Colleague: 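Have a look at this one.
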Amino acid sequence: MNNYNPQEIEKKWYDFWESNRFFSPDLSEADETYTIVIPPPNVTGFLHIGHALVNTLQDVLIRWKRMSGFKTLWLPGTDHAGIATQMVVERELRKKGIEREELGQEKFVEEIWKWKEQSGNMIFKQLRRLGASCDWERERFTLDEGLSKAVRKSFVDLYNEGLIYRDDYIVNWCPNDKTALSDLEVDHTDKDGTLTYIGYPLEDGSAELVVATTRPETMLGDTAVAVNPNDERYRELIGKTIRLPLVGRMIPVIADEFVDPEFGTGAVKVTPAHDPNDFQMGIRHDLPFVNIFTKDARINDVFKPLEGQDRFEARKNIVELLKQEGVFRKVEKHPHSIGQCQRCKTVVEPRVSTQWFCKMKDMAEASLKAMNEGKIRFIPENQGRIFEEWMSNIQDWCLSRQLWWGHRIPAWYCDDCDEIMVTEEQEVTTCSKCGSNKVRQETDVLDTWYSSGLFPFSTMGWPDDTRDLEIFYPNSTLITAYDILFFWVARMVMLGIKMTDEIPFPEVFLHGLVRDENGEKMSKTKGNVIDPIDVVEKYGADALRFTLTSLTVMGRDIKLPEKIIEGNRNFINKIWNATRFTLSHIERLGTAKNLTDAAPGIFDRWIIKRFNKAATDVNRYLKEYRFNEAAKAAYAFVWHEFCDWYLEVVKPMLFGKLGDEACQASLSVLYHTLEASLRLLHPIMPFVTEELWQALPTSDGTIMLAEFPNELIGIGAEDQRAETLIDMVGVVRNIRGENNIKPNVKIDLLAVTRNKQLTEDLTSFREIVASLAGVKSVEVLESINKSEGLAGGVGKEFEVFVDLRETIDVAQETNRLEKEKTKLEAKQAQIRKKLANDSFIAKAPEAVVQKNKDELDELTAKIEKIDENLKTMQSM
RNA sequence: GGGCGCUUAGCUCAGCUGGGAGAGCAACGGCCUUACAAGCCGUAGGUCACAAGUUCAAGCCUUGUAGCGCCCACCA
């Protein structure tokens, strides 16, 4: 069994962690805390790739901080998700032939709860498979008693302060869901449409005013025609009366600055009850509001001939009627934007109705102030500007929804005296004003985002004064996708400041959206959905986590091709095998069990130094939310430094070619570097690291509570000695590769060194160089008498030659040398030019100048040697 | 209409405060070398969209141009 098999280990370790309560913070110790509150998924939800991403990132941070000694809490919860859930359950019931209306609100809500008990929280089971280290003991739900109390408390407070009010207003109405929507819940798309021109005759029959409209059917609700006051063409008509075709209503011609004389005919029909602009005009000019639609957007009884017709049907039919009446003038193509319900895609109908609103301006200003004072920081930064833009142009928030699933608005109406009582009490039976007991509770519920807006503190027990609130609020950071910046983040910031006087979190990291390999949004209809659970089953959770982490770049969406996941699975396999190799030799580790007991050689010190650099980088990158860089740093170290070089260096030691002491030292360094590497990788790939770490003889407990590495052990001054030997191996491999010398052809290496240290090192470690370079012997020389058949390479402090008399292809070797020379000469020319520039010498920092000079010397020396080698070739 | 981005190797993309153009995948050549063929070694490939500017020095800073994308907005 050489390969890693995730299925065998993942469940085992998750159960181990959970049953040992490793996810729950120990409140008895007063460590520094680190808190993340989950973006609550819908109770009805199934894990999609976006969840996999956001929760992987949170888990990486949480595990990293937990290992770094913080008291960490990752609090999970779900959102009741008003419309979405109601729709799902409605659909389920319809399958059984039951309509929501038959059941009534109470029964229906009971059904949803039942459904939630059965199928809800599926997503948390799936999150466990991802490895999410949430504290499941603190799981919350937005409709829990505690969170509901927070909703009531905040609502009442805001109402008493005058920030929440009830008013008649034109709102976005979904005729399918039969509820009001907030502006954010409406998606706008450009669609082909038409512009219909209709002639409206003046009352006295003297003329007609032609208006243009995209929605001719709304003319039934017209209560005016507007023109721009400065429009010469129509100045005479202002104040005159028009007879509305088909309906016969007398309506005035009004003047309003809103009208654009350039558009259409410059005259606009005004339908205050069915268009947001017209609504405003209606208020400005005190016009009547004629509602022409039922709640499901059919023509109501205002116009009998079309009564009961759907608005789109009516649109066609009314044109016919207008033609019959002789007022239809023409129709043009006219693309325009239409609003659709975010949930059901039905075209939204603006509708005047009584709704509850929240004033946003002051809260938005407070949020902007907090941001400008640096109390809240967005990562990436440009998201802060988007936040600012939105906050600066904020509109009041329509809070009420004509749904049944959600927090019922805590308001009661008295039918006798019309008193409105807004109170935290859950049972109101008598009117506080007139004593009547004809009181009834508001049936509307709150926008689902209202309760999630309280999530950072309602989950901690607010409004009560709880220990959790004290310890874990404000949260440390918020991780979420940028597409809910306004829906959720903005609301949390505003409500957080308002209700608790504190910013709910000082940092917000907004990640991109996961798309398919062609950059398309994933959707079931397109069939390009990647199911994270499928990925987990095929490649393992760690491969998925590593992939998502390594693709998380600031401010960019993520394309996810399967190939990348496969490559990262291979990386895990690499670690798996490196560990197997190490363990297979570990019993030979005698005295030098502790790293500090070992007397590390130059390669040992080199790998420790490389590890220290990787660990420092990973820590820094995670701190900066540069997930991709953190993953890359760990990957590059483990694969390309630890496995590619160090493991190969160690092999000759293990075979006893350099003596027992060196072997012991390297074995110790090998072991401890591996062990530390597992800890370094754990936050990103928890399962495989736990599995391997548990197999180590020194491990105790769990890797998830082991210390996150910083520096393995301090290594003193810069040590280039190993690098030089590594460089030499590279030069020899290049000669081999380019000359197509088969690995089984063992050649002798002649090395000419230019300094004493290198001579010593090469002598001591010739076995290692021989092993890595695939040569049978290494002869260390101070100079060489070149003879035929020697192919040579040049390094900074050495030249190497191999005897190729048997295999040499002179043409090929000459070609190789010439290519090398050309490359070096180009570089040389560049640097010469730079150094010839007086301003460069004068103005560039001394270190930069010196570096260039050194490099030039090195290049010149190398080129000289290559020339010599070329001569040798020519003589053959 | 306003705002925010993107353009770097065949593909997907990194590149933080200006000083070496990089990774993964794909390609090419060679290897079952005693952890790993889910692997190893070697090689090739780029006017960093275009133009101008600042600078000793620009993929990176400034301005403009072109193409692409996203978000917001009440133009009938």
Side-chain angles (χ1 to χ4, degrees), chain A residues 2-4 170 183-184 188 195 211-215 218 226 258-260 262-265 267-271 275-280 334 336-337 339 350 380 382-383 385-386 388-390 393 482-483 485-486 513 517 519 539 550-551 553-557 559-561 563-564 566-585 620-621 624 626 628-629 632 635-636 640 643-644 647-648 651 654-655 730 733-744 771-774 816 819 827 834 837-845 847-849 851-852 855:
Chain A
N2 294 341
N3 287 345
Y4 162 64
I170 191 154
D183 295 340
L184 283 176
H188 295 271
L195 199 55
V211 298
T213 177
T214 54
R215 302 193 53 194
T218 63
F258 166 78
V259 181
D260 175 7
E262 305 294 317
F263 189 90
T265 60
V268 187
K269 60 190 274 308
V270 183
T271 322
D275 181 278
N277 291 310
D278 295 5
F279 179 82
Q280 297 300 343
H334 179 69
H336 67 286
S337 127
N382 70 301
Q383 293 290 341
R385 267 169 263 142
I386 296 172
E388 186 175 0
E389 181 72 17
W390 189 74
N393 298 303
Y482 66 71
D483 63 345
L485 175 62
F486 308 142
L513 275 20
E517 57 195 305
Y539 298 104
S550 68
L551 292 177
V553 176
M554 296 274 183
R556 236 177 137 115
D557 285 350
K559 283 184 203 169
L560 187 64
K563 201 93 178 133
I564 295 191
E566 192 185 325
N568 289 325
R569 187 273 317 264
N570 295 352
F571 173 52
I572 297 171
N573 192 46
K574 190 82 180 167
I575 302 162
W576 181 268
N577 281 301
T579 308
R580 276 200 321 131
F581 171 79
T582 305
L583 286 177
S584 70
H585 292 279
R620 191 178 84 239
Y621 290 137
E624 297 170 354
R626 296 171 66 188
N628 63 318
E629 296 290 345
K632 197 168 107 181
Y635 179 99
H640 299 307
C643 292
D644 285 354
L647 277 182
E648 297 303 323
K651 281 178 186 172
L654 296 177
F655 280 84
R733 282 175 174 176
N734 178 271
I735 296 171
R736 285 197 84 116
E738 292 284 285
N739 283 293
N740 279 328
I741 303 165
K742 313 266 186 217
N744 57 2
S771 164
L772 294 178
R816 182 186 74 87
K819 258 197 318 199
K827 241 181 200 173
K834 216 188 270 186
N837 185 340
D838 291 341
S839 323
F840 174 71
I841 305 291
K843 293 187 182 173
V848 174
V849 176
K851 201 174 143 199
N852 277 277
E855 209 173 324

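Labels below follow one simple rule: chain letters A, B, ... track the order of the sequence lines, proteins then strands, and each chain is numbered from 1. Computed from a prediction, not measured in an experiment: that's the story for all the values here.
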Colleague: OP1 or OP2 of B:A57 sitting under 4.0 Å from any side-chain N/O of A:K834?
Modeller: no
Colleague: So, OP1 or OP2 of B:A35: does either fall under 4.0 Å of a side-chain N or O from A:K651?
Modeller: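 True: A:K651 side-chain N/O within range (under 4.0 Å) of B:A35 OP1/OP2.
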Colleague: Both distances under 3.5 Å, Watson-Crick or G-U wobble: report the partner of B:G22, or none.
Modeller: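 Partner of B:G22: B:C13.
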Colleague: Give a yes/no on whether any side-chain N or O of A:K742 is located under 4.0 angstrom from OP1 or OP2 of B:C31.
Modeller: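 Answer yes for this pair, as a side-chain N or O of A:K742 is under 4.0 Å from OP1 or OP2.
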Colleague: Is there a side-chain polar atom (N or O) of A:N734 under 4.0 Å from OP1 or OP2 of B:U43?
Modeller: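 A:N734 to B:U43 OP1/OP2: side-chain N or O found under 4.0 Å.
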Colleague: Which base sits across from B:A27 as a Watson-Crick or G-U pair, both distances under 3.5 Å?
Modeller: B:U43
Colleague: Does B:C60 have a Watson-Crick or wobble partner in any strand here, with both distances under 3.5 angstrom, and which is it?
Modeller: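 Result: none.
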Colleague: Could you tell me which nucleotide pairs with B:C48 by Watson-Crick or G-U wobble geometry, both distances under 3.5 Å, or answer none if nothing does?
Modeller: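 Base-paired to nothing in any strand shown.
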Colleague: Using a 4.0 Å heavy-atom cut-off, does A:N837 contact any base of the nucleic acid, only the sugar-phosphate backbone, or nothing at all?
Modeller: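 A:N837: backbone/sugar contact only, no base atoms under 4.0 Å.
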Colleague: Does A:K827 put a side-chain nitrogen or oxygen below 4.0 Å from OP1 or OP2 of B:G20?
Modeller: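 So the side-chain polar atoms of A:K827 never come under 4.0 Å of the phosphate oxygens OP1 or OP2 of B:G20.
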Colleague: OP1 or OP2 of B:A76 less than 4.0 angstrom from a side-chain nitrogen or oxygen of A:H336, does that happen here?
Modeller: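 The answer is no; no side-chain N or O of A:H336 sits under 4.0 Å from OP1 or OP2.
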Colleague: Distance between the P atoms of B:C70 and B:U65, in whole angstroms?
Modeller: 22 Å
Colleague: Report yes or no: do A:R385 and A:N382 form a side-chain donor-acceptor pair below 3.5 Å?
Modeller: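 No pair is found: no donor N or O on one side chain lies under 3.5 Å from an acceptor on the other.
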Colleague: If the cut-off is 4.0 Å, is A:N277 near the phosphate of B:C75, judged by side-chain N/O to OP1 or OP2?
Modeller: no
Colleague: Measure from the ring center of A:F655 to the ring center of A:H585 and say whether it is less than 6.0 Å.
Modeller: no
Colleague: Ignoring backbone atoms, establish whether A:K632 has a side-chain N or O less than 4.0 Å from OP1 or OP2 of B:G22.
Modeller: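 No, A:K632 has no side-chain N/O under 4.0 Å of OP1/OP2 on B:G22.
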Colleague: How far, in whole Å, is B:C68 from B:A57 if one measures between their C1' atoms?
Modeller: 32 Å
Colleague: Is the phosphate of B:G39 approached by A:H640 (side-chain N or O, under 4.0 Å from OP1 or OP2)?
Modeller: no
Colleague: Establish, from distance only, whether the side-chain atoms of A:Y539 and A:N570 form a donor-acceptor pair under 3.5 Å.
Modeller: no
Colleague: Would one find a side-chain N or O of A:R385 under 4.0 angstrom from OP1 or OP2 of B:G5?
Modeller: yes
Colleague: Can A:E629 and A:R620 be counted as an ion pair, charged N to O under 4.0 angstrom?
Modeller: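 Judged by the 4.0 Å cut-off on N to carboxylate O distance, A:E629 and A:R620 do not form a salt bridge.
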Colleague: Using a cut-off of less than 4.0 Å, is there contact between a side-chain N or O of A:K559 and OP1 or OP2 of B:C13?
Modeller: yes
Colleague: Would you tell me if any nitrogen or oxygen in the side chain of A:R733 comes within less than 4.0 Å of OP1 or OP2 on B:G42?
Modeller: yes
